[in-house]
Amino acid sequence: MKHEWSSKFTFILAAVGSAVGLGNIWKFPYITGEYGGGVFILAYLFCIALIGLPIMLAEVALGRRGKQSPVNTMTQLSLEAGGHPAWRLLGWSGMVAGCLILSYYSVIAGEVLAYSFRASSGAFEHQTVDGIKGILNSLVSDPEKLLAWHTIFMALTVLAVAKGVRGGIEKTVTFLMPALFILLIFLVFYAMTTDGFGQAVDFMFTPDADKFFYARSELGQYLLDANGEKIFTWKPMMVAMGHAFFTLSLGMGAIMMYGSYLNRHVSIGQMVLIIISLDTLVALLAGLAIFPLVFANDLNPAAGPGLIFETLPLAFGNMLGGTLVGTLFFVLLFFAALSSAISLIEPTIAWLIESKGIRRIKASVMTGIVVWFIGLGTIFSMTGTTLGDIFQPLVGNISLNSGLFKYNFFQLIDLLTASIMLPLGGLFIAIFAGWVMQQDSTEREFSFKNRFVYPSWQFMIRYVSPFLVAIVFLNIIGIF
Ligand code: TRP
């Protein structure tokens, strides 16, 4: 059975549903905090415009032309263009990346679900900073609790994809995404009333290059080499670029998959602009909602993955109607995560159905179980229990150019996917769309109205995007 979105609006909703998720509201604020604000956000915006935009256009176009799961789309398109059959590996690495990302995504989404219940029970009311930290700690140091929530989230994801993309996603997204957006704007207004707002705006939009380019400890002090000099590092650049891919759901075929369900007559350019603008807007709003609370309460912006679970509950606990607003917020964030999770797993499910003839329900359950297992690694690296210590030596220390970083399982998977597999996937998508495919096919797929748009895209996808991705990579592995 061939699926198609009911209208171009459902495509926008589904693609925005995929793009907007934990990446915008959980990850973006904490990595912005870790890498010093201003310049990090600039680098991120720069990557969105010069790498994300051309590659998203390419992914949608490839998907719509191939009309299948990414593996089979790549096989068919490379056949059509006389390319090497190995291009299908792009689809394969996408499926692996999607499952790996989902394995930790689900653990965090589980925490969000847990927080919906905590919020609704009034647990945050009149809490102090220490009280809030205690609540977070009692969750993340307890493997059984994390496991239970992770299991629930994976089960719901499986249920949603098993129902099929249209049945599952369209309904989830139509009402809940707009609601999340409105609630986020409300939170920004609340944040404006706190006395950390000025400092937050300063932190987010005043560039401080040192904080970005020189390695710092978890507490924010600069690391020094043997000569007492600050240590230059490309890692923040790598994270900013990786996050551009992550937040737009690019580089692993999710958007290609959704493009394959898109009707031939819809203008791709317009769709992609809307998706990217909304995604970026949500991330910036999340920053403006969260950082004022960080500064007003003297918290550490570099607190890491726990950042939103420390800041927002404080606000909910101290505002009028906070129990209701807090509950709503975490519930909506949970649905935003669910609509992203669906897109992480759908390429694998669609491939199992197409190529292995497995029924959708069975394919969903099988994939879900595999992902659930990988997720255990993240749980143990969060709780820091003995099992986490078993993972640690396996992972060990990884040396990146100018800096030795210690990784746990969660951080390793995050590094491997967001910073390596997605940009590499994006690089190959760019090369394929720009150099391997016939100009004719891409031009017809886009049908841009303005005649300057296609040559601009072609220039970007051939030269600019691959060049930028390659530069960051070469620096990271220490070639320069
Ligand atoms: N973009 C989503 C977020 O920001 C996560 C996500 C969904 C994703 N699908 C993806 C990331 C595909 C990379 C690739 O939360």
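Numbers here simply count residues along the sequence, with the first being 1. Atoms within each ligand, like the ligands themselves, are counted from 1 in listed order.
- Annotation for ligand 1: atoms under 4.0 Å from non-hydrogen atoms of Thr247 are 1 (N), 4 (O).
- If you look at Phe203 and Phe291, their ring centroids are closer than 6.0 Å.
- Summary of contacts: the protein heavy atom closest to atom 2 (C) of ligand 1 is Ser18 O, 3.1 Å.
- Within the 4.0 Å heavy-atom shell around ligand 1 one finds Tyr105.
- Nearest protein heavy-atom neighbour of atom 9 (N) of ligand 1: Ser343 OG, 3.0 Å.
- Taking only nitrogen or oxygen atoms, main chain and side chain alike, Gly23 reaches within less than 3.5 Å of ligand 1.
- Classified by interplanar angle (parallel below 30°, tilted 30° to 60°, perpendicular above 60°), the ring pair Tyr104/Phe410 is perpendicular.
- For atom 7 (C) of ligand 1, the nearest non-hydrogen atom of the protein is Ser249 OG, 3.3 Å.
- Salt bridge status for Arg264 with Glu445: present, with a side-chain N to carboxylate O gap under 4.0 Å.
- Of the heavy atoms in Ile255, none comes closer than 4.0 Å to ligand 1.
- Protein heavy atom closest to atom 14 (C) of ligand 1, with residue, atom name and distance, is Met252 CG, 3.3 Å.
- For Trp149 and Phe153, the ring centers are positioned 6.0 Å apart or more.
- The N/O atoms of Leu250, backbone and side chain alike, include none that comes under 3.5 Å of an N/O atom in ligand 1.
- Ring centroid separation for the pair Phe11 and Tyr261 does not come in under the 6.0 Å cut-off.
- Nearest protein heavy-atom contact of atom 1 (N) of ligand 1 is Phe246 O, 2.8 Å.
- Of all protein heavy atoms, the one lying nearest to atom 4 (O) of ligand 1 is Ala19 O, 3.0 Å.
- Aromatic pair Phe467/Tyr463: ring centres not closer than 6.0 Å.
- No hydrogens or angles considered: a donor-acceptor pair under 3.5 Å links the side chains of Ser343 and Ser18.
- Put simply, the side chain of Lys27 never gets that close to the backbone of Pro305: no donor and acceptor are under 3.5 Å apart.
- Taking only nitrogen or oxygen atoms, main chain and side chain alike, Ala254 does not reach within less than 3.5 Å of ligand 1.
- Listed by atom number, the atoms of ligand 1 under 4.0 Å from Leu422 heavy atoms are 13 (C).
- For ligand 1, the atoms lying closer than 4.0 Å to a non-hydrogen atom of Leu22 are 15 (O).
- Taking NZ of Lys211 as the start and CZ of Phe40 as the end, the distance is 14.0 Å to the nearest 0.5 Å.
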